[in-house]
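Accompanying notes for the structure given below.
We're numbering straight along the sequence, starting at 1.
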Amino acid sequence: MAGSTPTPVKWVLVFSFMLTTFLLSNILSCSSYAVDAHLTKRKTYIVQMDNFAMPNMFSDHKQWYSSKVRTVVSKLRPQGSSNGGGGGGGGDESRIIYAYETAFHGLAALLTEEEAEALISEEGVVAIFPETVYQLHTTRSPMFLGLEEQDSTSRAIFGEQSSHHGVIVGVLDTGIWPESKSFNDSSMEPVPTRWRGACETGRGFTKNHCNRKIIGARSFYRGYEAATGKINEENEYKSPRDQDGHGTHTAATVAGVPVAGANLLGYAYGRARGMAPGARIAAYKVCWLGGCFSSDILSAVDAAVADGVNVMSISLGGGVSSYFRDSLSVATFGAMEKGVFVACSAGNGGPDSVSLTNVAPWVTTVGASTMDRDFPATVKLGNGKRINGASIYRGRRVLEESKQYGLVYMGSNSSSPDAGSLCLEGTLDPHKVSGKIVICDRGISPRVQKGQVVKDAGGVGMILTNTQANGGELVADCHLLPALAVGASEGNFIKHYAMTSPNATANLAFLGTKLGVRPSPVVAAFSSRGPSILSLEILKPDLVAPGVNIIAAWTGDAGPSGLPSDHRRVKFNILSGTSMSCPHVSGVAALLKARHPEWSPAAIKSALMTTAYIHDNNKKPLTDAATGALSGPYDHGAGHITPVKALDPGLVYDIDAQEYFEFLCTQKLTPIQLNVFTNRTCRNTLANPGDLNYPALSAVFPEDTATQRLTLHRTVTNVGHPLSSYRVRVTPFKGARVDVKPSVLNFTGANQKLSYEVTFTTISRQPAPEFGHLVWRDGVHRVRSPIVITWSPPL
């Protein structure tokens, strides 16, 4: 929307922050090997090797890698020492943790900083990445997305002929709980013969736990153990079994089979199913109690591509660094080259600008939105006011309906949270809160843990209040005592009442499940926002999908709150996060791959983006839960996913591996840095980064005010009716005139490609980006691309 723009002051601050952060990250990265090089403690480094540089004297790559490590270690080892350096690891052979062979070529090894610095100068070594720790970005959604078989049209699209397809989705997460009914294989056909994966065994996981639904299961822990020590198998499953629940939830969201009567303590009762119930699941456990380590993730990506997955779902992320310094970015480039579609969560850093992770153009970056289901609850104050909130509480502790309970807020004021107001462990005085309902501010500690603190202090209930950043967004939690969440303004009202009334009282009521909520969808407040810190020319996130209060299968090893003190066991759980929105997109991508097996990862992404919608169920523009204002492309990307329309997009913007590489050639990378991705050479076919054939257009005018005109080029492929004619329409902009040539595209055959160019001519440089869109129509299809025009402020 042209009117949905940041304020000028805010945009200047955002731009300055992007530049400062990027420069600082590069300074720190460039100096990573120079600082404290004398230290001898070993840690994990990922070493990328030139796959074609192996001398003939070696029989395989691992032998070559071992030789390289041995050479460097021998050079630096003190005379008379059998094992130089301190810290984990034994002899030279044990230094190598992983050997990578498919999506990425190289090894992960235990090295000192001095050894890593020496190894980078060895012939055949392309790059070295220090180990990075990633974190997880932690029923109704199929119907909300139009995937339920409600009529003959839906049955024709999603019926029997596509329910047993051979598409395989690799889920990189915390593992899987195979006993869940969501992974029943009774309706599945035999495993595709092309599958090359394995069903690894370990504590709590046998070969029999794999079936025709879960066709593969692996665990990757060497990097984790190298950093934290051997896994204590009494506390953690050293196998693909999921004790956290996150991986089971995401896998079931991708491809769980229909399960009738699914619910969480009676909430969200109905039929739960994944986006692509006929797809196969391959579970790759890469996350453990201590986090998700990049060497393990890289090994899982490498294995998944070699195993034969078609789609990869990765609901985790770390910080943002240059494309060539990000091991996950490099590995997913290799996966894309092999034809694998990769979806990643955008992160839960919203509503702050420039908070995205996983921003590589060849990855589909998924933000989160709400859907039309809620779990209402109310607060009845002693002054007669009723405040609406949300909760998933059902337990033995029940508040008497006819009674009012004392209400207390332990903060010093209603607008500035402190230790007491945040209900952190050890901060609540039992004498003051016993028998009362306690108001707790969000922040620092997990939401459900605050309830446990209140419970331990003798409180009978909790009101969880949003911060201004969370706005009015209501995330429902499965609390351990009667508790609910309220919006920021409602929370301030309640806190003011509690602090100014000498005998403040309240009661809580829980109203079950409500459907048909309006407006929906709404962009989740926690969903990370753009623009991309690396490339303004690439619009990120790509799109949004349901990620708030999502029900799916759960582990049998943890309670629904995830707290150690929660001894409840459930079959399904309700979670929120971009971790939940990512598998929605991965599952729909599997559907598209089943219908169009010839489509590339870029074609699938294009279909998802160009058919996405930007209006809610009130037929009004999408809004932002954090502010209540209109959201824009930096919040929702191309819009909200529409699976049915994505199956027949009319036109697609295709991109092959060479063109993605050409984009990298525009990023001022050195030949050595480019070689991190591939042995390809730059043909310089792109005039600027914005010429990448992306389904969104981002025109970035430089600081030099002399540049008044900028032209971007696009090519579309006809995947609709062979004989079709498309006409273009562009929204008006205040700061620029936009001309499209040609304005009509006449196709005469299937898969025909036609090109057009879009010229932006500055009328008046704007202090903040302007948003709009370009649409090609043929009377049947509406192929929409968001447009962002940015005038970079003078530095």
Side-chain angles (χ1 to χ4, degrees), residues 133-138 170-180 182-183 200 202-205 209 214 217-225 227-228 231-256 264 274 281-294 296-297 300 313-318 344-345 347-348 392 445-449 452 475 477-478 480 547 549-583 586:
V133 182
Y134 290 74
Q135 300 298 329
L136 296 166
H137 289 154
T138 198
V171 181
L172 278 65
D173 216 293
T174 63
I176 197 162
W177 191 263
E179 290 83 2
S180 171
S182 293
F183 309 127
E200 297 179 352
R203 186 169 81 88
F205 208 94
H209 285 123
I214 304 172
R218 297 179 184 267
S219 57
F220 301 83
Y221 49 79
R222 296 177 191 169
Y224 174 49
E225 286 194 328
T228 65
I231 291 173
N232 182 341
E233 295 197 49
E234 291 185 3
N235 299 331
E236 221 170 341
Y237 291 107
K238 195 173 179 178
S239 74
R241 181 167 290 280
D242 176 21
Q243 71 188 76
D244 179 272
H246 191 279
T248 299
H249 197 281
T250 56
T253 302
V254 171
L264 172 59
I281 295 170
Y284 298 85
K285 184 175 179 178
V286 298
C287 295
W288 306 84
L289 291 178
C292 322
F293 288 74
S294 56
D296 296 328
I297 297 168
S313 189
I314 306 177
S315 288
L316 49 87
C344 291
S345 50
N348 300 335
I392 308 170
S445 61
R447 299 184 300 270
V448 290
Q449 187 176 359
Q452 182 66 56
V475 176
D477 292 303
C478 195
L480 289 166
N549 299 334
I550 304 301
I551 188 168
W554 190 242
T555 176
D557 214 48
S561 71
L563 297 176
S565 58
D566 188 355
H567 301 295
R568 297 172 296 179
R569 293 296 179 263
V570 295
K571 303 295 186 183
F572 292 84
N573 201 5
I574 294 174
L575 300 180
S576 298
T578 54
S579 279
M580 283 62 255
S581 55
C582 173
S586 306

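Although no hydrogens or angles enter the test, the distance criterion places a donor-acceptor pair under 3.5 Å between the side chain of Asp566 and the main chain of Ser561. Gln243 contributes a side-chain N or O that, together with a main-chain N or O of Asn235, makes up a donor-acceptor pair within less than 3.5 Å. A donor-acceptor pair is defined here as one N or O able to donate and one able to accept, closer than 3.5 Å; such a pair exists between the side chain of Glu225 and the backbone of Ile231. Of the possible donor and acceptor atoms, one in the side chain of Thr578 sits under 3.5 Å from a partner among the backbone N and O of Gly347. In terms of modelled atom types and a separation under 3.5 Å, the side chain of Thr174 and the main chain of Gly247 share a donor-acceptor contact. At least one donor-acceptor pair under 3.5 Å links the side chain of Asp296 to the backbone N or O of Gly223.
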Next item on the list: Walk me through it: do Met580 and Asn549 pass the test side chain to side chain contact (heavy atoms under 4.5 Å, CB included)?
Entry: CA-CA 9 Å; Met580 283 62 255; Asn549 299 334; over 6 Å; no
Next item on the list: Please lay out, stage by stage, how Ser315 and Asp173 fare under the test side chain to side chain contact (heavy atoms under 4.5 Å, CB included).
Entry: CA-CA 7 Å; Ser315 288; Asp173 216 293; 4.0 Å; yes
Next item on the list: Walk me through it: do Phe572 and Ser182 pass the test side chain to side chain contact (heavy atoms under 4.5 Å, CB included)?
Entry: CA-CA 10 Å; Phe572 292 84; Ser182 293; 3.7 Å; yes
Next item on the list: With side chain to side chain contact (heavy atoms under 4.5 Å, CB included) as the test, would you mind laying out the steps for Thr248 and Phe183 before giving the verdict?
Entry: CA-CA 10 Å; Thr248 299; Phe183 309 127; 3.9 Å; yes
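Taking CD1 from Ile176 and NE2 from His246, the interatomic distance works out to 13.5 Å, rounded to the nearest 0.5 Å. To the nearest 0.5 Å, the span separating CD on Gln135 from OG on Ser345 amounts to 11.5 Å. Expressed to the nearest 0.5 Å, how far CD1 of Ile550 lies from CD1 of Ile574 amounts to 9.0 Å. Separation of atoms CG (Asp557) and CG (Asp244) is listed at 10.0 Å; rounding is to 0.5 Å. Taken to the nearest 0.5 Å, the CZ atom of Arg218 stands 11.5 Å off from the CG atom of Leu172. Atom OG1 in Thr250 sits 11.0 Å away from atom CD1 in Ile314 (nearest 0.5 Å).
For the pair Tyr284 and Gly170, the tightest heavy-atom approach, listed with the atom from each and the gap, is CE1-CA, 3.9 Å. Of all heavy-atom pairs spanning Gln452 and Leu480, the tightest one is OE1-CD1, 2.9 Å. Across every non-hydrogen atom of Leu316 and Val286, the tightest pair is CD2-CG2, 4.0 Å. Of all heavy-atom pairs between His209 and Ile214, the closest is O-CD1, 4.2 Å. Scanning all heavy atoms of the two residues, the minimum distance from His249 to Asn573 falls at NE2-O, 3.2 Å. Among all heavy-atom pairs drawn from Ser294 and Tyr134, the shortest one is CB-CE1, 3.7 Å.
Salt-bridge annotation for Arg203 and Glu234: absent, with no side-chain N of the basic residue lying under 4.0 Å from a carboxylate O of the acidic one. Look at Lys285 and Glu200 and you find no salt bridge, because none of the NZ, NE, NH1 or NH2 atoms lies under 4.0 Å from a carboxylate O.
By the 4.5 Å heavy-atom criterion applied to side chains, Phe205 and Pro178 are counted as neighbours.
Less than 2.5 angstrom separates the SG atom of Cys287 from that of Cys292.
With Phe293 as the partner, the ring pair (Phe, Tyr, Trp, His ring centres under 6.0 Å) test is satisfied by one option alone out of Trp288, Tyr224, Tyr221: Tyr224. When Glu233, Glu179, Glu236 are each tested for a salt bridge (charged side-chain N to carboxylate O under 4.0 Å, His left out) with Arg241, only one passes: Glu179.
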